[in-house]
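Just below is one structure, and these are the notes that go with it.
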Amino acid sequence: MREQILIVDDNEDIISFLKPALEVEGYIVDYALNGKEALGKIKGEFDIILLDVGLPDIDGFTICEEIKQVNSCPVIFLTAKGLEHERVKGFLVGGVDYIVKPFSLKELMLRVKVHIKQLDRKYERTFIKSGEVEVDISAKSIKINEQLIDLTKKEYQIIELLSTHPGQVFSKEKIFELIWGYTSDSDINTITEHIRRIRSKISANTSFDNCYIKTVWGVGYKWED
């Protein structure tokens with residue numbers, strides 16, 4: 001399957017330079033010239049988004065936060081500034097890479113290919129079977145004994161995080177950072193309530209007393225069959 005890339009940049013020269021170059025490499029490429037146009041397209045099935053920070057209407061950091069609400073694809077920032085605090089901000093809002101203009105086409109292509117390979121490795125395991133629980137990563141759903149479980153988005157994300165790292169202990173702070181993000185207005189104590197609801201839903205549908213999410217007192221939570 002050919003990967004799809006969205007370029008978001010108000011510089012039409014960059015669009016006309018990047019789009020055909022990426023298409024020659026076999027990618028399907030779309031583009032947006034401003035933030036508003038980008039927000040109208042981010043629900044599409046893109047594998048990578050190349051996002052300019054300095055757009056005329058909405059800054060790239062804000063757009064990235066919006067992207068992460070509906071699409072988990074990697075976001076690579078393009079920027080004329082290489083300041084450390086801007087790079088840090090880019091990573092905090094969900095970006096995976098940062099390319100400073102002017103950049104070489106060879107460098108950009110290499111980074112795109114690296115992130116595509118990482119995506120391929122991520123989705124090698126579409127299904128995770130753990131006891132009576134089946135996690136469908138591509139469909140973002142959970143089944144217990146073939147019965148689909150009604151979960152909120154955050155509840156599913158917690159289960160996916162823990163079940164894809166069985167035995168690894170995650171603190172509440174780490175779960176909050178990875179799922180809610182640094183910029184969330186929610187309180188970290190929401191983790192406890194989400195875990196309680198997940199356990200209740202799992203226990204109500206399993207044939208034996210196992211909620212799968214174990215508490216490691218004073219440390220955090222882990223997934224265990």
Side-chain angles (χ1 to χ4, degrees), residues 39 41-49 61-75 91-96 115 118-225:
L39 291 176
K41 294 185 175 186
I42 59 174
K43 292 184 180 180
E45 295 298 318
F46 296 106
D47 296 284
I48 285 192
I49 297 177
F61 300 130
T62 300
I63 293 173
C64 185
E65 290 178 313
E66 293 292 328
I67 290 171
K68 291 303 174 180
Q69 296 298 315
V70 295
N71 194 323
S72 60
C73 72
V75 174
F91 291 126
L92 290 179
V93 297
V96 298
H115 291 294
Q118 289 176 343
L119 279 177
D120 290 341
R121 287 197 295 270
K122 179 179 178 182
Y123 290 109
E124 278 176 0
R125 295 179 66 192
T126 304
F127 293 93
I128 296 173
K129 184 72 174 171
S130 181
E132 296 174 288
V133 178
E134 185 179 85
V135 182
D136 186 339
I137 294 176
S138 58
K140 303 298 180 188
S141 64
I142 306 291
K143 287 183 179 179
I144 299 177
N145 295 321
E146 300 304 317
Q147 178 68 39
L148 192 64
I149 306 303
D150 184 24
L151 298 167
T152 67
K153 180 180 178 180
K154 298 299 185 189
E155 288 168 356
Y156 168 79
Q157 289 175 328
I158 290 172
I159 292 177
E160 182 182 302
L161 172 65
L162 297 179
S163 65
T164 53
H165 300 82
Q168 181 176 338
V169 180
F170 288 85
S171 66
K172 287 198 298 184
E173 290 78 10
K174 193 62 178 178
I175 295 172
F176 190 83
E177 172 192 334
L178 292 171
I179 295 177
W180 274 261
Y182 286 103
T183 58
S184 174
D185 293 329
S186 298
D187 189 282
I188 195 170
N189 290 318
T190 191
I191 301 296
T192 304
E193 178 59 21
H194 277 73
I195 295 290
R196 185 194 65 77
R197 292 203 303 264
I198 291 169
R199 284 172 166 166
S200 176
K201 291 178 181 181
I202 291 177
S203 296
N205 289 278
T206 53
S207 58
F208 54 92
D209 187 20
N210 184 4
C211 63
Y212 292 88
I213 298 178
K214 308 296 184 182
T215 299
V216 180
W217 295 108
V219 184
Y221 302 98
K222 68 176 180 178
W223 185 270
E224 190 175 278
D225 289 349

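What's counted below: heavy atoms across the whole structure, side chains too, no hydrogens, waters or symmetry copies.
Contact record, Thr164 with Leu161: OG1-O, 3.1 Å, taken as the closest heavy-atom pair. For the residue pair Cys64 and Gly95, the shortest heavy atom distance occurs at SG-N, 3.9 Å. In this structure, Lys201 and Asp150 approach most closely via the heavy-atom pair NZ-O, 3.0 Å. Nearest approach of Val219 to Val169, heavy atoms of both residues: CG1-CG1, 3.4 Å. Among all heavy-atom pairs drawn from Asp47 and Cys73, the shortest one is O-CB, 3.4 Å.
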Residue pair Ile49, Ile63: steps toward the side chain to side chain contact (heavy atoms under 4.5 Å, CB included) verdict: CA-CA 11 Å; Ile49 297 177; Ile63 293 173; over 6 Å; no

Pair Trp223-Ile159, side chain to side chain contact (heavy atoms under 4.5 Å, CB included): steps then yes or no: CA-CA 8 Å; Trp223 185 270; Ile159 292 177; 4.0 Å; yes

Check against side chain to side chain contact (heavy atoms under 4.5 Å, CB included), Trp180 and Thr190: CA-CA 10 Å; Trp180 274 261; Thr190 191; 3.8 Å; yes

Steps toward side chain to side chain contact (heavy atoms under 4.5 Å, CB included) verdict (Thr192, Ile195): CA-CA 5 Å; Thr192 304; Ile195 295 290; 5.9 Å; no

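With sequence neighbours left out, Glu224 forms a side-chain hydrogen bond (donor to acceptor under 3.5 Å, both in side chains) with Lys222. Residues satisfying the side-chain hydrogen bond (donor to acceptor under 3.5 Å, both in side chains) criterion with Thr215, sequence neighbours excluded, are Arg199. Residues passing the salt bridge (charged side-chain N to carboxylate O under 4.0 Å, His left out) test with Glu146, sequence neighbours excluded: none. Looking at residues two or more places apart in sequence or on another chain, you find no side-chain hydrogen bond (donor to acceptor under 3.5 Å, both in side chains) involving Lys68. For Lys143, there are no side-chain hydrogen bond (donor to acceptor under 3.5 Å, both in side chains) partners at least two apart in sequence or on another chain.
Using a 4.5 Å cut-off on side-chain heavy atoms (C-beta onward), Ile191 and Tyr221 make contact.
Note that CD1 of Ile202 and SG of Cys211 are 7.0 Å apart. Values are rounded to the nearest 0.5 Å. Atom CD of residue Glu160 and atom CD1 of residue Ile179 lie 8.5 Å apart, to the nearest 0.5 angstrom. Separation of atoms OH (Tyr212) and OG1 (Thr206) is listed at 6.5 Å; rounding is to 0.5 Å. To the nearest 0.5 Å, the span separating CG on Asp136 from CD1 on Ile128 amounts to 10.0 Å. Ile198 CD1 to Ile158 CD1: the interatomic distance, rounded to the nearest 0.5 Å, is 4.0 Å. Separating the CD atom in Glu65 from the CG atom in Leu92 is a distance of 10.0 Å, to the nearest 0.5 Å.
Formation of a donor-acceptor pair under 3.5 Å by the Ser130 side chain with backbone atoms of Val133 is not found in this model.
Heavy-atom contacts from other residues, nucleotides or ligands closer than 6.0 Å to NZ of Lys154 number more than 12. More than 12 heavy atoms of other residues, nucleotides or ligands shown are found within 6.0 angstrom of CG on Asn189.
Counting only residues at least two apart or in different chains, ring pair (Phe, Tyr, Trp, His ring centres under 6.0 Å) contacts with residues 129-169 comprise His165-Phe170.
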